[in-house]
Structure formats: C-alpha cells, structure tokens
2 protein chains.
Amino acid sequence: MSDLLQRLRDRGWRLTAQRRVVAEVLDGEHVHYTADEVHARAAEKLPEISRATVYNTLGELVSIGEVIEVSTDGRAKRYDPNAHHSHQHLVCSRCGVIRDVRPSGDPLALLPEGERYGFTLDEATVTYRGLCPSCASA
Amino acid sequence: MSDLLQRLRDRGWRLTAQRRVVAEVLDGEHVHYTADEVHARAAEKLPEISRATVYNTLGELVSIGEVIEVSTDGRAKRYDPNAHHSHQHLVCSRCGVIRDVRPSGDPLALLPEGERYGFTLDEATVTYRGLCPSCASA
DNA sequence: TCTTGACTTAGACATTGTCCAATGTAGGAT
DNA sequence: ATCCTACATTGGACAATGTCTAAGTCAAGA
C-alpha cells in the first residue's frame, strides 16, 4: 500500500475502490492532471466511477494538504500530488507543459514591508513562463 | 479623450460606443474586475451592450497589451488596466481583495540555471496570499 | 451621403465545476 | 460470518464562465 493510502487510512478515510484508483492516478511523478484527466485515467481501471466522486475526492485531498491545486491558465485547475516539497511551476506558453521547479530563496522575502499594506502574508506562488525546448526549436 | 482611447484610435480601432464604455470602466485606478463585472458597469451607461462584445473587447485589449489578465483563484479571470507598470498581486485569502504590489528585484532571477530545464524564460508572475487588515482583525 | 468591411447582437453551445436525492457499501459491532 | 449504519457514490440537473455564429448595424473614408 502506498504511503498516501496509509495516511488516508490513518485519517479515518474509508478506503473505497474509487478513492484507491484516484490515489493511484496521482501516484506518478510530477503529474499535473485536470479533474477530467484524473477521471478519464481512473475510469480505465474502474469504469463506473463518476465525475462527482473524482471532484469530491480531489477536493478532500486538497483540503487535507495531500494534493495542491494549480491554476496556471485560468482554465481547468490541475492537481499536483507533489505537496510535501515546496516548489513553484514553470509553464510552456505554447504547449502548456508544466515542470516543478525550486527557486533559490523565499519569494515572500522579495516583497518589501512598504508593499504589504498591513496584510499578514502567508505564501507566494510563482509561475514562470517561457518556451520549452521543443516549442522553442519548432 | 483618455490616453487609452487615443492609443486605440492610433491602432486603427473603430471607436464605437461599446468600446468607449468598456475603456471607461477600466479607466479607474487599480481595478480588477471580472468580465461580468465589466459588463454590468458598462451596461449602466449603455444598457444594450452585449456580453459577447465585452468579452471581445477585453480579449482585444489583452492581446495588444493594454490590459492584463489575472487569474488569482481559478474562477473568473480579472482584467487589470495597470499594464504599463510591471507589478505583481497581493490577494486576501478570505475576502479576495486584490492589491497591486511591486517586489524588490526581478522574481525571474530567483530561478537558478539548473532549474530552467532548457526553457527560454519570458516572465514570472507572483501571487502573494494572506489576510488583509480587515479580515485579520475580524 | 454612400458604401463597405468591421463591429455588435442574441442566443446556442462548450467547458468546468457544484449540488442533491436515491442508492450502495466499508468496516465496526454483534 | 452477518448485520447496521454512517459515510460514500451515483447520475443528472444546475450554475458559472467563456466561445462561436449568422444576421443586422454602423464608423469612417471616398
């Protein structure tokens, strides 16, 4: 059993077949699927799984911090299981491919006190954009 | 006539009543309206303006660089007319209010060469999140 | 003032996400 | 092993946001 399933069990989750296949889909390295992509891949293993269950499960995984929601393009949200290592995203402006990247230093530190307007800062998310090698050479 | 309308005329735009009212709505300081909010405000001055025209005009303003599209929450995109001064956004996690802010230094510089994976970098957008003073004290 | 090609319109359609009542079931209790 | 029941799943309606098209309208140059 994967670590993720064990952590879910520890939290008192019922381990249904549906939740297992959603967890398996997200188990890959550095995947950034939309909810519908997760649904399509889950349905290959469990054809009767419903869209609502996929949305429910993804929402629950996000709310307990096991998965991060990423909106890089204002369209469908993507779900990133790499939640236990702080990182940012590098996106190709043409083909949309996404890579996890780690900036040096804390992006929060770049915002001077005079630019914080009394806010209690919590986090900074950075999206780097450019052309990936394939798109740049095409 | 506002500078924006003059620039649009210089580009050969037909200055229709619809485009004028959309430009007027975006003329305020530091507004971050959704397309539907722009439509509602435009319709106060020109009741028959259609949603399609507002979407068309906003899309055109974005493509010529007069307005910036901002997605802070994965829901409706917001339109930011402060396009001629580089800036980032500070968002209240509770009430959603948005402020324009200027980090010190270029966020792009934080991404080491070894984390660029051969991409040709173009820009970095940063979203700072936290609680605004009103929400923090409530 | 005419003409014409660009602009606008209403509404159908597409995509993404949420909600609900009915049904099913995981896992503890017996 | 089986039963219970609270929790989970389902299908489909609904909501929010955005796109597209065919037909009508109009800004601005001739």
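Chain letters run A, B, ... following the sequence lines, proteins first, then strands; residues in each count from 1. For the numbers below, each heavy atom of this structure counts, side chains included, while hydrogens, waters and symmetry mates do not.
Residue B/Q18 places at least one side-chain N or O closer than 4.0 Å to OP1 or OP2 of C/dT9. Phosphate proximity of C/dT8 to B/R19: present, with a side-chain N or O under 4.0 Å from OP1 or OP2.
When side chains are defined from C-beta on, A/L121 counts as touching A/L111, because their heavy atoms get closer than 4.5 Å. Taking 4.5 Å as the limit, every side-chain heavy atom of B/V54 sits out of range of all side-chain heavy atoms of B/Y79. Counting only heavy atoms from C-beta outward, the side chains of B/D80 and B/D100 approach each other to under 4.5 Å.
If you look at B/H32 and B/H30, their ring centroids are not closer than 6.0 Å.
The separation between A/L8 atom CG and D/dC7 atom P is 17 Å, rounded to whole Å.
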**Trace of the side chain to side chain contact (heavy atoms under 4.5 Å, CB included) decision for B/F119 with A/R99** = CA-CA 10 Å; B/F119 277 56; A/R99 298 230 33 158; 4.2 Å; yes
**Asked** A/N56 and A/E60: side-chain hydrogen bond (donor to acceptor under 3.5 Å, both in side chains), yes or no, with the steps?
**Response** CA-CA 6 Å; A/N56 286 343; A/E60 290 156 356; 5.7 Å; no
**Request:** Can you check each nucleotide of nucleotides 11-24 of chain D against protein heavy atoms at under 4.0 Å and return B for base, S for sugar-phosphate only, - for none, in 5' to 3' order?
**Result:** B-----SBBB----
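Taking a cutoff of 4.0 Å between a charged side-chain nitrogen and a carboxylate oxygen, A/R129 and B/E123 qualify as a salt bridge.
Residues B/S104 and A/P112 share a closest heavy-atom pair of N-CD, 4.0 Å.
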Nucleotide N/O of nucleotides 27-30 of chain D paired with protein N/O under 3.5 Å:
residue: D/dA28; atom: OP1; partner: B/L15; partner atom: N; Å: 3.2

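The distance from the CD1 atom of A/I49 to the OG1 atom of A/T57 is 6.5 Å, given to the nearest 0.5 Å.
For the pair A/R78 and A/Y33, the NZ or CZ position fails the cation-pi test of under 6.0 Å to the six-membered ring centre and within 45 degrees of the ring normal.
For DNA chain C, no neighbouring residue in residues 57-65 of chain B is found when judged by any heavy atom under 4.0 Å.
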